[in-house]
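Notes follow once the structure below has been shown.
Along the sequence shown, residues are numbered consecutively beginning with 1.
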Amino acid sequence: MAPTTKAAKKKLSTFIVDCSKPVEDKIMEIASFQTFLSERIKVGGKAGSLGDVVNVANDKTKVTITSEAPMSKRYLKYLTKKYLKKHNVRDWLRVIASNKDRNVYELRYFNIADQEEEEA
């Protein structure tokens, strides 16, 4: 039997937070969200010490988090909600898991128009 190496045991998990709608409407800046995640993600019980284990990158409308350490998708949802609350947009935006891909969260607006029609 061949010996297993550390490189073979490393399992990368990749998560994406799609912020296309609020970024297009200029409600939030993608760069500030990326720095927020970089400062707040905990590795080994310490926030901000990502090292080579976790990588946070962004393009125009998406933030990509790649982790070699075990990380839950729910933790990213928690941090995203915390960011939205800090910037006072939590009342208008919600974090939803994408139907298409398992490792993608989307930021969407609440459907306020549908609620007003139900009340009338």
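The minimum heavy-atom distance between Leu37 and Leu79, with the atom names listed, is CD2-CB, 3.8 Å. Minimum interatomic distance between Lys60 and Val23 (heavy atoms only, all atoms of both residues): O-CG1, 3.9 Å. Here the closest heavy-atom approach between residue Lys73 and residue Val104 is recorded as NZ-O, 4.1 Å. Residue Leu107 comes nearest to Cys19 through the heavy atom pair CD1-SG, 3.7 Å, listed as atom of the first residue, atom of the second, then distance.
Contacts of Arg94 classified as salt bridge (Lys or Arg N to Asp or Glu O under 4.0 Å), with partners at least two apart in sequence or in another chain: none. Listed by chain and residue number, Ser98, Arg108 satisfy the side-chain hydrogen bond (donor to acceptor under 3.5 Å, both in side chains) test with Glu106 (two or more places apart in sequence, or in another chain).
By the 6.0 Å contact criterion, CG on Asp59 is enclosed, its count of non-hydrogen atoms from other residues, nucleotides or ligands being greater than 12. Within a 6.0 Å radius of OH in Tyr78, no more than 12 heavy atoms belonging to other residues, nucleotides or ligands are found. The 12-atom threshold is not exceeded at NZ of Lys42, counting heavy atoms of other residues, nucleotides or ligands nearer than 6.0 Å.
Listed by first then second residue, pairs satisfying ring pair (Phe, Tyr, Trp, His ring centres under 6.0 Å) with a partner in residues 17-56 read Phe33-Tyr83, Phe36-Tyr83, not counting sequence neighbours.
If you take CD1 on Ile65 and CE on Met71, they are separated by 7.5 Å, rounding to the nearest 0.5 Å.
With Asp18 contributing its side chain and Ser20 its backbone, the two residues share a donor-acceptor pair below 3.5 Å.
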